[in-house]
Peer 1: 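Dropping a structure here in structure tokens format, bear with me for questions.
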Amino acid sequence: REILVLGLQESGTVLWEIEALQALGLDEKHGIELQIRPLADSRAGQIALQSGAVDVILSDFTWVSVQRGKGTEVAMVPHSLAVGGLIVPADSAIGAVPDLKGRTIGVAGGPADKSWVILQAYYNSLTGAALAEDAGARFGAPPLINELLGAGSIDAGLNFWHWNARAKAEGMVELISVAEMLAALGVAEPPPLLGWTFTEATAEARGEALGAFLDASFDTKAVLLADDAAWEGLAPLMGAADDPALFAQLRDDYRAGIVAHYDPADQHAAEQSFALLARFGGSDLVADQTQLAPGTFWAGYAR
Amino acid sequence: MARGPGLSVAIAEKTFPSGSVPLFSGLRLDIAPGSTVAVLGPSGVGKSTLLRLVAGIDTDFSGRIVVDGRDAALAPAPGFVFQDPRLLPWLTVGGNLRLADPALGVEATDRLLASVGLAGRQDDFPHRLSGGMQRRAALARALAANPRLLLLDEPFVSLDPALVREMHQLLLGLLDTGGPTALIVSHAAEDAARLADRAVLLAGRPARVVADIPLERPRRSRSEAEIAVYRLELEALAAKTG
Amino acid sequence: MARGPGLSVAIAEKTFPSGSVPLFSGLRLDIAPGSTVAVLGPSGVGKSTLLRLVAGIDTDFSGRIVVDGRDAALAPAPGFVFQDPRLLPWLTVGGNLRLADPALGVEATDRLLASVGLAGRQDDFPHRLSGGMQRRAALARALAANPRLLLLDEPFVSLDPALVREMHQLLLGLLDTGGPTALIVSHAAEDAARLADRAVLLAGRPARVVADIPLERPRRSRSEAEIAVYRLELEALAAKTG
Amino acid sequence: MRRQVLEALSLPLLLLLWQALAMIFSHRLFPTPVAVTQEIWLLASEGRLLADLAKTLLRAGAAFVLAMGLGIALGIVLGRTAWADRLFSAWLVVGLNLPAIIVAIVLYIWLGLTDLALIVAVVVNKVPLVIVTIREGVRSLSPDYDELARALRLPFRRRLRLVAVPQLMPFVLAAARTGLSLIWKIVLVFEVLGSDGGVGYRVGVMFQFFDVTGIIAYTASFILVVLACEYGVLLPAERRVLAWRADRA
Amino acid sequence: MRRQVLEALSLPLLLLLWQALAMIFSHRLFPTPVAVTQEIWLLASEGRLLADLAKTLLRAGAAFVLAMGLGIALGIVLGRTAWADRLFSAWLVVGLNLPAIIVAIVLYIWLGLTDLALIVAVVVNKVPLVIVTIREGVRSLSPDYDELARALRLPFRRRLRLVAVPQLMPFVLAAARTGLSLIWKIVLVFEVLGSDGGVGYRVGVMFQFFDVTGIIAYTASFILVVLACEYGVLLPAERRVLAWRADRA
Ligand SMILES: Nc1ncnc2c1ncn2[C@@H]1O[C@H](COP(=O)(O)OP(=O)(O)OP(=O)(O)O)[C@@H](O)[C@H]1O
Ligand SMILES: Nc1ncnc2c1ncn2[C@@H]1O[C@H](COP(=O)(O)OP(=O)(O)OP(=O)(O)O)[C@@H](O)[C@H]1O
Ligand SMILES: [Mg+2]
Ligand SMILES: [Mg+2]
């Protein structure tokens, strides 16, 4: 069996799929052996890929596009559509996005976070005003946002999906998801934000193994989408071993983000979102690109 | 100018943390206002320690040292010449003098330095001075604030005979007109014979005053012959205990 | 023991970076092997600097100083007493002696310390010693390695007369039996009169040898009267230039 | 004369070496100084470099002043009072080794994601280091000069200024030089963890793209400011204060 | 006697204060020392605490020894040779202010995600700090003792050991105390950026979940090791070397 090294964030949601993949024996079935190099955070993944320590990491499509623009030959195949959303306490006076005016929003990441950019665009489309000027934004690490939301020191949180799932399990309410905002802004289909990322050198030299791995991955996704039994062993990994409500929330939200098909020829949603991000997010988000770099999504695979 | 303070030294005991035998035990010494006392005694007997106690620098002893009615540590700053020059190396000679008296003007500095043979050296750092020059600078510093109490630990060491005579003249002038009280430690009987009106000889461990001699003839009117007599007297005394 | 080295000092010019007038300019001094030379002169004339040059510590001058056929800086370590005691405060007295001679045994240390009146103080740190004791420790350190060249800068300062006599005896013994070459700086004519077989008087700026007097009578056989004569002679000389 | 020449040569030499190495390796992640200079120009004229730099400088500057002031004061206290030093000896070790991330979490939660929290966090992180350095300096103050100061009955402030500070100078200089650099590094970390701008924030963003040229451009501009401090303030001040030592050499 | 009592009280006092504060605030993100101790026990017996600790200690230890050795040697060279000091003055400032992230990127990409790269990165980060501190020490070496050493013709090694080192001791101690803590903090950062274990790695992971108790448990166990170093090695060594100073006081 050929060996493929994956650099994955330890305790990341992606491990759920890998765990299921191995539990289902899909790696063996496709004739590959997966070695997991655990990483402490996303920056570590980028370093690991560039230093050649791993073959595949998970990263978002803007990163891949920007890297290609700068001449680093990397490419990706979609992994997840899951996006975050705007979350508020159950009894919040904020009933809709325009109510954010005059409030304090905690944003996971920073001013160049994709969700934040999209929220600003959405707010602008509703009110014609600039959210950054109308509301106070505080930027911080995702758990910090949940923490501050729980403590009441911010009025709303804009966080990643699995953090929102936790918040929801604790009684918070998702006002609107980023996918819904995108839809309202004219991106009909949800874009594949996260993908398996590798260098083109790897793709060329080890195309077969890579294909086998992607097959295994998509097979696993199909099982996870359809079969509750496949989830059973994952609860501890999800940090929801003794919290059925949280488990169900995480599972359902995960399923909502699963990528079922991949056609490198049809990247309409990604291109649209990228253009949107470039327009509202500017160079902090997409460097100097205005268009998704061609070849961002690997043409060597389809599903 | 007012007379220097009277001193009353009563040390019940002074022992160094590391020492076993006390350095002083039941030492009493009273010094009249304005008098000049030469402190003699063999090396290691406790002369420098005594000066430090009187200056109020070392307060780790039992007993009481009273300067002008006040505790030594609370009395105003004495003019102190340490056994080493102890100039602050990061201050110029002038800066070292101003350490004692921040208000010391340029002219006063010039005059003071000239009086110890260091005219024009106020802007030199101490390391540019020879050993003897440093000691003179230290003497000038001790005199800078016109102190009412002078504590001089071997102030004339490292000076050539001509300079020693000059320094004697300088101090004679000061002691007679200003009238500060002075304690002068010296191994040269000549210093005592010229400057002091009383000589105290320390000896033994614990150290005690083994001789306390008034030099009765007022120092201004001492003839060279009288000075020689005093000197021989003191030398003979020191020889007995040394 | 072999005789001490001969010295040939020829300083074309020595100026301190900050100074304008050279300290030495065309100074020549030849010293016979095994002789003891007293270096006299007013404060600030350059005595300590001369010793530093001869020791090979200060090499920033034009000219040549030859010790036993070699450049001063390359000659073996002299026994050097600085003008200040300069004991390393983090080493005990014994440690300071071993600085000069790492092989110095316990007994030799004891003997050496006893000879300067510091018996039993080898384990004390220097700050526990009085000023005079520190100077004696420094003298002991200079003698520890049995150097063939002794450079002593006012070695008897801060000692009481009895101790000075003892130190004289110590050095007399050493100079006569060991035969090192010695340069002794002192303001006390007595030291020269007892120890030296030649006295050199420096004066002026640039400093020059203004008097070079042989004390011809071998020092062991000098009577007290002869010593007194020498002393008066040297004092008179110093008085003229001081 | 020669001194100035060597000092003036130092930076160009480094740039030259860098340029040579970058040309030899010729890697996208190893930009030449020329490229970085262009990038700086670009970022300054079109980007937010100057605004970010100002933010970070303000934060670092405030933290520096506070940390040095507090650290020196506490270092002097601990250096002089043996009982306090002993009683707080473990506290200091703990303070020294508390990771930035914990301090950041605690303070961000307490004080919110504000500049105040950031500055306090940096100060908390840096103060123990200053204390340790200054304390060593205070411990090695000469007791001889202490005696002198007591004999002269110097009032506290003159004693501090004329007797203590000159002796502490090497320690203060070491603390200041290392301190400035550490503070800026900690500010970087905290700006990444939670802030809305500043060099650290932007470097974090650029890191997302692996935009090494941009990161180096930002870093280089900050270092230029520090170099200006070093040559414009620290070195001249040092030369003035330590004139006596130079005079001797 | 009293000395030992105060020192022995220091840590318990800190723990008491912590417990009191934690009980007053009673917040999930502010665990009590008791909770942390339990967590340590749990992580040590069932988790990977000990393995992680060993990894980090090894890395920090190696980096410490290398950084101190190199830094002291270079600090002495720069402190003694004025031309080198001037020529490299700007280099040092740049070295001091180079952010960890740049060093990490460059070294990880050159040397791969290895322990070697991590240790080198830490050393590169720390050496300038040691240099700066030691250089100040060398600059303040007494010229008088230098003269003495020359008069005694002390060979280089004895001169170093008997004359220079005792004077440099306060600076070395400051550099060692601050150095150990800084190195461990930098190791933390580098472990987050590229390693597969160690305290920093685990803290990074725990941070994803805001597992503050876990983070503090990990930190506390490392700090315990440092405390053991401080009281078991550093303080006794310091007392021995600085006996002369204590004797005087
Ligand atoms: N580092 C220096 N820089 C400038 N001038 C110096 C330096 N060292 C000494 N001098 C000057 O050189 C001269 C001679 O100094 P030296 O110490 O040799 O005198 P000395 O004869 O030993 O005097 P003393 O008897 O007072 O010790 C003095 O005028 C002194 O000011
Ligand atoms: N800090 C100290 N610790 C222990 N013993 C000390 C200390 N300071 C001084 N002594 C001892 O106290 C005694 C007196 O010292 P002191 O300096 O007063 O002598 P002194 O009379 O001035 O001698 P000298 O003429 O040699 O200067 C000496 O025996 C010395 O060893
Ligand atoms: Mg004395
Ligand atoms: Mg001299």
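Here is how names work: the chains are called A, B, and so on, in the same order as the sequence lines, proteins then strands, and each is numbered from 1.
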Peer 1: Determine the option with the most heavy-atom pairs under 4.5 angstrom with chain E, choosing from D:S181, D:A220, D:A175.
Peer 2: D:S181

Peer 1: Is it the side chain or the backbone of E:V189 that comes within 4.5 Å of chain D heavy atoms, both, or neither?
Peer 2: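 No part of E:V189 comes within 4.5 Å of chain D.
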
Peer 1: Side chain of D:T178, backbone of E:L129: donor and acceptor closer than 3.5 Å?
Peer 2: no

Peer 1: Would you mind checking which part of D:N125 comes under 4.5 Å of any heavy atom in chain E, side chain (CB onward), backbone (N, CA, C, O), both or neither?
Peer 2: both

Peer 1: Taking side chain as C-beta onward, heavy atoms only, is E:W91 less than 4.5 Å from D:L17?
Peer 2: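 Result yes, sub-4.5 Å side-chain heavy-atom pair found.
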
Peer 1: Between chain E and each of D:P99, D:A8, D:P128, D:G200, count heavy-atom pairs under 4.5 Å; write down the option with the most.
Peer 2: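 The answer is D:P99.
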
Peer 1: So does D:E7 get a backbone contact from the side chain of E:S89, meaning a donor-acceptor N/O pair under 3.5 Å?
Peer 2: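 No; judged by distance alone, with no hydrogens or angles, the pair does not exist.
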
Peer 1: If you tally heavy-atom pairs under 4.5 Å against chain D, which of E:A82, E:A90, E:A174 wins?
Peer 2: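 Highest number of pairs under 4.5 Å: E:A90.
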
Peer 1: With a 4.5 angstrom heavy-atom cut-off, is it the side chain or the backbone of E:I216 that approaches chain D, or both, or neither?
Peer 2: both

Peer 1: Rounded to the nearest 0.5 Å, how far apart are CG of D:L87 and CG of E:L14?
Peer 2: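 The CG atom of E:L14 is 10.5 Å from CG of D:L87, to the nearest 0.5 Å.
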
Peer 1: Please classify the contact of D:T219 with chain E as side chain, backbone, both or neither, using a heavy-atom distance under 4.5 Å.
Peer 2: side chain

Peer 1: If you count heavy-atom pairs within less than 4.5 Å of chain E, which of D:L173, D:L224, D:L9 leads?
Peer 2: D:L173

Peer 1: Taking 4.5 Å as the heavy-atom cut-off, does anything in residues 227-235 of chain D contact chain E, and if so which residues?
Peer 2: D:L227, D:E230, D:Y231

Peer 1: Tell me, side chain or backbone of E:L13 under 4.5 Å from chain D's heavy atoms, or both, or neither?
Peer 2: both

Peer 1: If you measure from CG on E:L182 to CG on D:L96, what distance do you get to the nearest 0.5 Å?
Peer 2: 8.0 Å

Peer 1: Under 4.5 Å from any heavy atom of chain E, what part of D:L98 do you find: side chain, backbone, both or neither?
Peer 2: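 D:L98 touches chain E through backbone and side-chain heavy atoms alike.
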
Peer 1: Please report the closest heavy-atom contact between D:N97 and E:F222, naming both atoms and the distance.
Peer 2: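 Residues D:N97 and E:F222, closest heavy atoms: OD1-CE2, 4.5 Å.
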
Peer 1: At a 4.5 Å cut-off on heavy atoms, which part of E:R135 comes close to chain D: side chain, backbone, both, or neither?
Peer 2: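 Interface part for E:R135: side chain.
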
Peer 1: Does the side chain of E:R139 reach to within under 4.5 Å of the side chain of D:P170, using non-hydrogen atoms?
Peer 2: no

Peer 1: Heavy-atom pairs under 4.5 Å with chain E - which of D:V212, D:L242, D:D144 has more of them than the others?
Peer 2: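 Result: the option with the highest number of such pairs is D:D144.
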
Peer 1: Are D:S140 and E:R245 packed together at the side-chain level, in the sense that at least one heavy-atom pair is separated by less than 4.5 angstrom?
Peer 2: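 Counting from C-beta outward, D:S140 and E:R245 do come under 4.5 Å.
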
Peer 1: Salt bridge (charged side-chain N to carboxylate O under 4.0 Å, His left out) with E:D52: which residues, sequence neighbours excluded?
Peer 2: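 Partners of E:D52 by the salt bridge (charged side-chain N to carboxylate O under 4.0 Å, His left out) criterion, ordered by chain and then number, come out as E:R202.
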
Peer 1: Is the backbone of D:L6 close enough, under 3.5 Å, to the side chain of E:W83 for a donor and an acceptor to pair up by distance?
Peer 2: no

Peer 1: At a heavy-atom distance under 4.5 Å, which candidate from D:V226, D:L11, D:T133 has the highest pair count against chain E?
Peer 2: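 Max contact count across the listed options: D:V226.
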
